[in-house]
Every structure is written in C-alpha cells, then in structure tokens.
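To start, the structure under review is shown below, and the notes come after it.
Hydrogens, waters and symmetry mates play no part in the numbers below; they use all other heavy atoms, side chains included. Start at 1 and go down the list; that is how both ligands and their atoms are numbered.
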Amino acid sequence: MREIFDATLTISPGLPTWPGDPKVVLERFSRIEDGADANISRMAIGVHTGTHVDAPYHFVEGAKTVEHLDLNLLTGHAQVVFVEVKGEDIEVSDLQQAGIPRGTDRLLLKTRNSGYWERIEDGFQQDFAALSPEAAQYLVDLGIQLVGIDYLSIAPFKEGKLTHQVLLRAGMVVIEGLDLRAVQPGRYELYCLPLKLAETDGAPARVILIRE
Ligand SMILES: [Zn+2]
C-alpha cells in the first residue's frame with residue numbers, strides 16, 4: 001500500500017516567520033454566526049511563509065519567477081537524506097557522509113532542524129542548520145536540480161545571499177520550510193505544487209511525499 005507523507009507546515013498566525021517578513025494574517029472575513037450567508041476567510045502572508053518554494057528571481061534580478069517554474073522539476077523521484085551537521089553550517093564533508101545516491105535529481109535534507117517544528121511556540125530560531133556556499137556549489141556540481149530543507153531558509157541566518165545565489169543562478173529549485181519529522185530517509189515520489197502567483201520570487205506550496 002502506498003503511504004503519503006504531508007511535508008507541509010500548517011499556515012497559522014502562530015507559525016514562525018522570518019524576522020522582518022510579514023506576519024501571518026488568517027482571519028474570518030465574514031461569518032454565518034454574524035448573519036452572513038457563508039463563512040469566508042482572508043489571508044495576508046509573505047510568499048516565503050511556511051513550506052514554500054524560492055524562485056530564481058528571489059536573489060537573481062531578471063531571473064525566472066515562480067509561475068514559470070518547471071512542473072517536471074517540482075514532481076518526480078526525490079531522495080530524503082539525513083544530514084548530521086558537525087559544525088555550524090552544513091559543509092561539503094557533511095553532505096559526503098549523508099549517502100546521497102548517484103543520479104539524484106531532487107534532494108531533501110532532513111537535519112536537526114526538524115526538532116524545531118515540535119515547538120513552534122518558541123518562535124523563529126536563528127541557529128538552524130543550512131548550506132554553506134561551498135556545500136551549495138557541491139550540490140550544483142553533483143547535478144542536483146531541486147533541493148529542500150527542514151527550516152525556513154536553505155542558507156545560514158548570518159549570511160543568506162551567497163548560498164541562495166549559488167543555487168538559484170544554477171537554476172535549482174529550492175524548497176524551504178519542509179516538515180520532515182515523520183519522513184525517514186529514502187526514496188519517494190515528490191509532489192511540490194507552489195501557488196501560481198504572478199511575477200513573484202516565491203510561493204507557499206503543498207508538498208507531499210509518497211513512499212514507493
Ligand atoms: Zn524562501
């Protein structure tokens with residue numbers, strides 16, 4: 001029997017957001033209990049809220065925006081690996097020891113970050129594990145076309161620009177804010193479907209993994 005894992009965070013006002021990014025507004029705009037015909041909600045969020053995709057335009061002027069991302073990249077075989085992070089950032093040596101199978105196109109990195117989703121009430125965490133620029137280049141050289149991680153940025157908090165540029169200039173699709181708590185390392189069928197927002201640097205996505 002196939003097993004479906006929902007790797008998506010639930011968007012709610014309590015979800016941690018990147019410092020300085022818009023806070024999540026999700027509220028009832030009209031209510032049956034107040035005499036309306038229907039319950040209607042409204043939301044106002046930054047596009048990098050929760051589980052989301054970064055389009056190349058996020059860090060590369062003039063590059064592809066989110067509605068033009070290739071669905072062939074966003075769906076298909078994906079490898080989940082657990083990365084034991086020795087130092088502050090994920091370095092090349094950590095990736096070399098993570099057992100990334102040859103020929104991997106789509107790679108999802110599960111790290112100690114997954115533990116943060118156990119206590120979202122603690123708010124945004126700065127010391128999450130993320131790719132150093134050298135580690136990002138290593139993934140580009142391996143031919144990885146999509147990379148995902150289990151916290152709100154693929155790049156370290158202290159210096160986010162370089163890592164993003166290395167990945168996005170190479171045309172890689174980046175998924176951030178994955179919830180991989182229930183997902184064991186292995187091979188899955190990935191479905192990552194970002195909202196089709198016009199001319200935008202990213203979009204929230206529903207991401208599911210199906211065990212083959
Ligand atoms: Zn992002």
Side-chain angles (χ1 to χ4, degrees), residues 6-26 43-71 73-75 78 83 89-90 106-111 113-114 116-117 120 123-133 135-137 139-140 144-180 190-208:
D6 191 347
T8 318
L9 294 167
T10 301
I11 295 176
S12 77
L15 190 65
T17 48
W18 194 262
D21 274 17
K23 294 263 174 282
V24 172
V25 177
L26 185 59
M43 66 172 179
I45 60 173
V47 298
H48 300 268
T49 296
T51 309
H52 70 279
V53 165
D54 282 358
Y57 177 64
H58 187 30
F59 276 88
V60 184
E61 197 56 33
K64 215 179 248 192
T65 47
V66 76
E67 76 276 36
H68 299 301
L69 291 179
D70 186 355
L71 289 170
L73 271 185
L74 293 164
T75 59
V83 185
D89 301 328
I90 301 172
R106 303 175 194 82
L107 178 70
L108 307 182
L109 306 172
K110 181 174 180 176
T111 72
N113 297 341
S114 282
Y116 292 143
W117 303 133
I120 60 167
F124 182 82
Q125 303 292 319
Q126 294 190 4
D127 60 344
F128 60 88
L131 289 177
S132 71
Q137 186 61 50
L139 295 183
V140 171
I144 305 291
Q145 298 179 63
L146 174 147
V147 65
I149 196 159
D150 52 357
Y151 206 62
L152 294 173
S153 180
I154 192 74
F157 182 72
K158 58 183 186 309
E159 168 49 56
K161 197 170 161 188
L162 264 180
T163 293
H164 274 100
Q165 284 181 339
V166 168
L167 297 171
L168 296 175
R169 280 192 179 137
M172 216 187 280
V173 172
V174 176
I175 312 175
E176 297 170 331
L178 287 168
D179 182 358
L180 298 176
L190 165 76
Y191 292 86
C192 171
L193 300 175
L195 291 178
K196 199 170 181 182
L197 305 174
E199 295 171 27
T200 306
D201 40 273
R206 188 67 182 256
V207 179
I208 63 168

message = Ring-plane angle category for W117 and Y151, please: parallel below 30°, perpendicular beyond 60°, tilted otherwise.
response = parallel
query = Relative to the ring of F124, is the ring of W18 parallel (under 30°), tilted (30 to 60°) or perpendicular (over 60°)?
reply = perpendicular
Of all N, O or S atoms in [X], which has the smallest distance to the Zn ion (ligand 1)?
{"X": "E176", "value": "OE1"}
{"X": "D54", "value": "OD1"}
{"X": "H48", "value": "ND1"}

query = Checking only N/O/S atoms, does H58 have one that is under 2.8 Å from the Zn ion (ligand 1)?
reply = no
request  = Examine the side chains of D21 and H48 and answer whether a donor and an acceptor come within less than 3.5 Å of each other.
outcome  = no
key: T200 side-chain N/O to G202 backbone N/O, donor-acceptor pair under 3.5 Å   = no
